[in-house]
Amino acid sequence: MNLKNMKNTIRWVRRNRKLIMYLTVIGLVAILASCLETGQTALLAAAATIIPGRAGGKHVVDGPLTTDLTREASPSLLLNEIDQQITKIRPMSTPIDQISRFAGAKHAGSMIVDYYNVDTKPTMTTLAQDYDEVAPEAGAAPKARIKTHNNDIFDESDTILVQGVSGYAPDGVTETADELVLYVTARDDDGVVVMAINGKTLGGVQGCVPSIPEDTTLIRMGRAASELDVQSPQFEALPQKAQNYCQIFKMQVEQSTLQKLANKEVNWTMTDQEEAAIYDMRLGMEKSFLFGVKNRLWNPDKKENILFTGGIWHQAGKTFPYSPDSFNGDTVVDIMREAFTGNAGSKRKILLGGSRLIGLFSRLDYTRVISAGESVSKWGIDFTELRSKFGTLYLLLSEIFDECGMPDNGLVIDPEYIQKYSHIPFSAESLNLKASGMRNTDALVMSEASCLVLRYPKAHMRIVVR
């Protein structure tokens with residue numbers, strides 16, 4: 001090479017040094033990939049072979065791309081499609097499973113899930129026995145001792161609203177429209193010691209507690225401290241431990257090689273079978289998530305324990321009984337009131353019901369107080385919106401209730417407080433039954449080990465026939 005050609009070469013290298021570096025890196029990657037892939041080729045059919053590509057990919061030569069080749073070369077390709085498809089297969093039929101999948105599942109490191117719930121302190125109770133008004137002794141404070149069915153919910157300085165019992169004007173003689181309000185001065189094993197804020201005059205002593213009949217509702221209200229009070233009775237809340245089991249759900253699909261090759265009048269493929277199997281699997285999971293019974297059973301044939309998950313129907317903290325013969329607008333108001341009050345839950349909840357219960361809702365003439373809105377799409381499901389002053393219910397027919405013999409019942413759930421735990425996330429795995437010498441079939445098994453829990457039981461409510 002003469003001097004002139006050498007100078008031209010140096011100038012060309014300087015102008016194209018980035019291209020040269022890029023080609024060098026590509027070559028090194030291709031060499032490394034070839035080293036890693038050595039000996040990894042697979043012969044799945046007489047005329048088809050998988051070979052490694054230059055940059056780590058895989059290619060099919062001497063034959064068409066088949067399902068078997070795809071699963072061998074890229075095992076996650078078809079399986080990911082199934083996992084994404086599961087939330088699209090008839091979601092209206094499995095609303096609980098659908099909502100839990102959209103909300104996401106927490107990974108459980110064990111098949112047994114322990115979790116904690118924190119409840120609210122009760123705010124009401126009833127009088128355990130009649131209280132007969134008594135005039136205090138001369139010089140004594142107008143105190144009274146009442147006995148309730150749950151004395152422990154009251155503390156010193158609490159105020160109590162006595163429902164249905166009239167209070168009195170300052171003169172202690174004239175009844176007013178206001179209900180009687182009591183002030184707690186002490187609590188012991190014998191009952192609750194109270195004074196009346198708007199009480200009655202007895203024996204010339206003002207502010208006495210008037211007679212209160214048994215079973216009168218007592219509602220705990222706010223505390224009232226004096227000017228010199230620095231402290232107040234303590235308030236402690238301890239979480240309560242609960243437990244559920246993850247259940248292993250499985251479904252297997254098989255198709256023989258001859259059936260796959262046979263001419264068909266309609267295009268019925270392995271994918272169609274997988275879709276039908278997923279739907280059937282979801283229906284079974286929906287019933288278990290709703291009405292399953294938590295237990296551990298020893299199988300003497302398999303010599304191992306089988307875990308069964310507990311359904312959320314049994315976990316709900318409230319029950320609302322109703323009579324179908326007297327179901328009207330007032331019943332709906334009572335359902336809404338019970339569902340949205342006393343639990344600090346969200347103001348948008350879901351009501352899943354059997355066909356007869358939904359039929360009762362459908363026959364009502366709604367007013368401005370309770371109004372039926374347009375259909376609302378959430379979590380991939382179409383609900384009917386039912387609005388009230390208490391909150392909004394998303395109404396949906398669940399044929400699972402009919403299939404389980406409960407067409408008159410329903411379940412109000414708060415989607416903010418439903419949690420799914422998954423020990424084994426939903427997955428699909430190909431079984432090579434041909435290579436194992438078992439059967440000449442294509443086989444796919446779908447699995448999931450999971451459970452549902454209600455994190456705040458009082459925010460959920462069963463609706464049952466009285």
Side-chain angles (χ1 to χ4, degrees), residues 119-237 318 320-321 330 333-344 369 388-390 458:
D119 205 349
T120 57
K121 187 177 180 180
T123 61
M124 65 176 63
T125 185
T126 56
L127 202 64
Q129 64 183 43
D130 291 336
Y131 171 76
D132 297 322
E133 57 189 43
V134 179
E137 298 179 0
K143 294 182 179 180
R145 185 183 300 276
I146 61 175
K147 295 183 178 181
T148 75
H149 286 106
N150 192 359
N151 296 328
D152 294 334
I153 71 172
F154 301 111
D155 279 309
E156 182 184 343
S157 75
D158 278 341
T159 55
I160 302 174
L161 179 66
V162 183
Q163 211 168 61
V165 177
S166 298
Y168 289 81
D171 60 11
V173 177
T174 307
E175 290 189 4
T176 65
D178 298 331
E179 292 179 313
L180 178 66
V181 179
L182 306 177
Y183 174 73
V184 179
T185 62
R187 173 176 58 83
D188 54 33
D189 295 338
D190 295 327
V192 181
V193 180
V194 298
M195 298 177 66
I197 299 174
N198 53 346
K200 186 177 184 180
T201 298
L202 296 173
V205 180
Q206 292 182 333
C208 297
V209 179
S211 296
I212 306 173
E214 184 181 355
D215 292 331
T216 297
T217 300
L218 306 176
I219 302 173
R220 179 171 59 87
M221 299 198 299
R223 292 179 176 178
S226 66
E227 181 179 351
L228 299 181
D229 283 343
V230 176
Q231 299 186 47
S232 174
Q234 297 85 359
F235 176 85
E236 298 87 11
K318 284 185 173 184
F320 181 88
D330 293 337
V333 173
D334 291 339
I335 290 175
M336 303 283 260
R337 175 179 178 273
E338 189 67 19
F340 288 102
T341 60
N343 54 63
V369 179
S388 74
K389 303 298 183 183
F390 298 103
K458 289 291 185 181

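Electrostatic pairing of Asp188 and Arg145 counts as a salt bridge here, judged by a charged N lying under 4.0 Å from a carboxylate O.
Taking CD1 from Ile219 and CE from Met124, the interatomic distance works out to 4.5 Å, rounded to the nearest 0.5 Å. A distance of 9.0 Å separates OG1 in Thr159 from CG in Leu182, rounded to the nearest 0.5 Å. Atom OH of Tyr183 and atom CD of Glu156 lie 6.0 Å apart (nearest 0.5 Å). The CD atom of Gln206 lies 13.5 Å from the OH atom of Tyr168; values are rounded to the nearest 0.5 Å. Rounding to the nearest 0.5 Å places CD1 of Ile335 at 5.0 Å from CZ of Phe320. Distance check, rounded to the nearest 0.5 Å: CZ of Arg220 to CG of Asn150 gives 10.0 Å.
The shortest heavy-atom contact between Ala169 and Thr176 is N-CG2, 3.5 Å. Minimum heavy-atom separation, Cys208 to Ala196: O-CB, 3.7 Å. The two atoms that bring Val194 and Thr185 nearest to each other are N-OG1, 4.4 Å, heavy atoms only.
Using a 4.5 Å cut-off on side-chain heavy atoms (C-beta onward), Asn198 and Leu180 make contact. Counting heavy atoms from C-beta outward, Ile146 and Leu218 have side chains that approach closer than 4.5 Å.
Thr201 places a side-chain N or O within donor-acceptor distance of the main-chain N or O of Asp171, the cut-off being under 3.5 Å. Under the 3.5 Å distance criterion, the side-chain polar atoms of Lys318 are matched with a main-chain donor or acceptor of Glu338. Judged by distance alone, with hydrogens and angles left aside, the side-chain atoms of Thr341 form a donor-acceptor pair with the main-chain N or O of Arg337 at under 3.5 Å. Of the possible polar contacts, one joining the Glu179 side chain to the Gly164 backbone as a donor-acceptor pair under 3.5 Å is found. Between the side chain of Glu133 and the backbone N or O of Ser211 there is at least one donor-acceptor pair closer than 3.5 Å. Side chain of Asp155 to main chain of Asp158: no donor-acceptor pair is present (N/O by atom type, distance under 3.5 Å, no hydrogens or angles).
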* **Steps toward side chain to side chain contact (heavy atoms under 4.5 Å, CB included) verdict (Glu214, Thr126)** => CA-CA 8 Å; Glu214 184 181 355; Thr126 56; over 6 Å; no
* Test log, rule side chain to side chain contact (heavy atoms under 4.5 Å, CB included), inputs Ile212 and Val162 -> CA-CA 8 Å; Ile212 306 173; Val162 183; 4.0 Å; yes
* Apply side chain to side chain contact (heavy atoms under 4.5 Å, CB included) to Val184 and Val193, showing your working. => CA-CA 6 Å; Val184 179; Val193 180; over 6 Å; no
* Could you check Val165 against Thr216 for side chain to side chain contact (heavy atoms under 4.5 Å, CB included), going step by step and ending with a plain yes or no? => CA-CA 8 Å; Val165 177; Thr216 297; 4.2 Å; yes
* To do: Please step through salt bridge (charged side-chain N to carboxylate O under 4.0 Å, His left out) for the pair Asp190 and Lys147, ending with a clear verdict.
  => CA-CA 7 Å; Asp190 295 327; Lys147 295 183 178 181; 5.7 Å; no
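Remark: the His149 side chain and the Thr125 side chain contain no N/O donor-acceptor pair separated by less than 3.5 Å.
Taking the side chain to side chain donor-acceptor pair (under 3.5 Å) definition, one finds that Asn151 meets it with Thr148, sequence neighbours left out.
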